[in-house]
Amino acid sequence: MTQPEQAATAFDDLHTRHAAALMQQAYLLTGRPWLARRAVERGFRLAWQRWPEVAVDPDPAGWVRAAVYEYALTPWHQFCPGLRSARGPRNPSAAGPSSAGASDGALAAALLRLPAPYRRALLLHDGVGLGLDATAAEIEASVPATAGRLRHARERIAALLPQLGLDGQPPERQGEILRARLTALPGPPQVPPPVTGDVRSGSERSARRTTRTAFGATWLFALVTLVTIAVTPDHYVPQPQRPQAGVPHSRMPADRQRDADERERRSEVREQRDAAREEGNPAREEGNAAVRKKIRQARLAPEIR
């Protein structure tokens, strides 16, 4: 048997042993049968694409489970029209008209009323049977935070379903009761788990599409780069500068020197005029005094009187 055949056989065995249980867990997480099936298919496709990593993992089933839980609890499912149409009814239906079926439906409905982090911690610890440390590692939280989520989830379930008898019980007994009830819950109705061969072939097709898309994007980027290099000139061509309107031109040094000489000449002419005015003032005063004297003499003459 070749190495690819051994890998395919090991993957098929992993899928056969854990697909149905993961379908039930994803259904309890979401309450939507087709979303649970899609999450399981997505988790196993991702595992086959990364099979060299998954094959050497200490817990390959835990690797796939973490991928399934992450996809199932992704909040953007409500914004995808394709997933909205494939979700089905939110509230899980009861297994039958008997009291046991009604009780199972009430427990599944109460589980869906928990916040997603509490629901995941409760299902991993009390449903799957992981220890507190393993649960904290899988949900990527600290051990005290995981213990707090688990305690609050149990308290909420006990308040919603008092008939389970969780109230007043020690934590170990509460975990035993919930594990027995959770493992007995039915899986998604009329939705079979994905087929092993379809998962592998779909994963390979998805990987080929991703590879072709990556190569196409690379070639497109290279083409755009080559076109840009081809149309770009190999030297710098400066743009002609346009004169800015309204901006006065700077005065040359010769103009500034000519203005300074003109101001100095005007200052000299003004000083000469002022000096001439001061020299002519005594003669003007003497003339005025002679005129005033003649006027007084004329007034004193008897013939004028």
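As the structure is a prediction and not an experimental result, all values here were calculated from the model. When reading the values below, keep in mind they use all heavy atoms of this one structure, side chains included, and skip hydrogens, waters and symmetry mates.
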Spacing of [X] atom [atom1] and [Y] atom [atom2] [to the nearest 0.5 Å]:
X      : Y      : atom1 : atom2 : result
Asp133 : Leu130 : CG    : CG    : 11.0 Å
Thr146 : Ile139 : OG1   : CD1   : 3.5 Å
Phe44  : Leu22  : CZ    : CG    : 5.0 Å
Gln24  : Thr183 : CD    : OG1   : 7.5 Å
Glu41  : Trp34  : CD    : CH2   : 10.0 Å
Leu107 : Leu160 : CG    : CG    : 10.0 Å

Considering residues, nucleotides and ligands other than [X], do more than 12 of their heavy atoms fall under 6.0 Å from its [atom1]?
X      : atom1 : value
Asp167 : CG    : no
Glu140 : CD    : no
Arg154 : CZ    : yes

For this session: I would like to know whether Leu111 and Leu185 meet side-chain contact (heavy atoms from CB on, under 4.5 Å); could you show each step before the answer?
Result: CA-CA 12 Å; Leu111 188 65; Leu185 290 177; 5.5 Å; no

Problem set entry | With Arg65, the side chain to side chain donor-acceptor pair (under 3.5 Å) member among His18, Glu70, Glu138 |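 Among His18, Glu70, Glu138, the one that satisfies the side chain to side chain donor-acceptor pair (under 3.5 Å) with Arg65 is Glu138.
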
Can you give me the closest heavy-atom contact between [X] and [Y], atom names plus distance?
X      : Y      : answer
Leu28  : Arg119 : O-CD, 4.0 Å
Ala72  : Thr30  : O-CG2, 3.5 Å
Asp126 : Gly175 : OD1-CA, 3.6 Å
Ala39  : Val68  : O-CG2, 3.6 Å
Gly31  : Pro33  : O-CD, 4.0 Å
Ala67  : Gly43  : CB-CA, 4.1 Å

Exercise. When the ring planes of Tyr118 and His152 are compared, do they come out parallel, tilted or perpendicular, using 30° and 60° as the limits?
Worked result: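 Rings of Tyr118 and His152: parallel, as their planes differ by under 30°.
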
Exercise. Are Arg179 and Glu176 ion-paired here, with the side-chain N under 4.0 Å from a carboxylate O?
Worked result: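 No, Arg179 and Glu176 are not salt-bridged.
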
Is [X] reaching over with its side chain to a backbone N or O of [Y], donor-acceptor style, under 3.5 angstrom?
X      : Y      : answer
Gln174 : Leu166 : yes
Thr9   : Glu5   : yes
Gln25  : Leu123 : no

For this session: Look at the side-chain heavy atoms of Ile, Leu, Val, Met, Phe, Trp and Tyr, link any pair under 4.5 Å apart, and say whether Ile157 and Leu132 land in one connected group.
Result: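 No, because Ile157 and Leu132 fall into different hydrophobic clusters, even though each may have its own neighbours under 4.5 Å.
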
For this session: Could you give me the CA-CA distance, side-chain angles and deciding distance for His15 and Trp48, then say whether side-chain contact (heavy atoms from CB on, under 4.5 Å) is met?
Result: CA-CA 10 Å; His15 182 274; Trp48 179 242; over 6 Å; no

Exercise. Would Leu150 and Thr135 satisfy side-chain contact (heavy atoms from CB on, under 4.5 Å), going step by step from the backbone distance to the final call?
Worked result: CA-CA 10 Å; Leu150 187 61; Thr135 303; over 6 Å; no

For this session: Show your working on salt bridge (charged side-chain N to carboxylate O under 4.0 Å, His left out) between Asp13 and Arg17 and close with a plain yes or no.
Result: CA-CA 6 Å; Asp13 181 64; Arg17 287 187 288 110; 2.9 Å; yes

Problem set entry | CA sep, side-chain torsions, deciding dist, call: Glu262, Arg258, salt bridge (charged side-chain N to carboxylate O under 4.0 Å, His left out) | CA-CA 6 Å; Glu262 181 66 21; Arg258 187 163 48 251; over 6 Å; no

Problem set entry | side-chain contact (heavy atoms from CB on, under 4.5 Å) assessment of Trp51 paired with Val54 | CA-CA 5 Å; Trp51 184 248; Val54 178; 3.9 Å; yes

Problem set entry | Any side-chain heavy-atom pair of Tyr69 and Leu124 under 4.5 Å |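 A side-chain contact under 4.5 Å exists here.
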
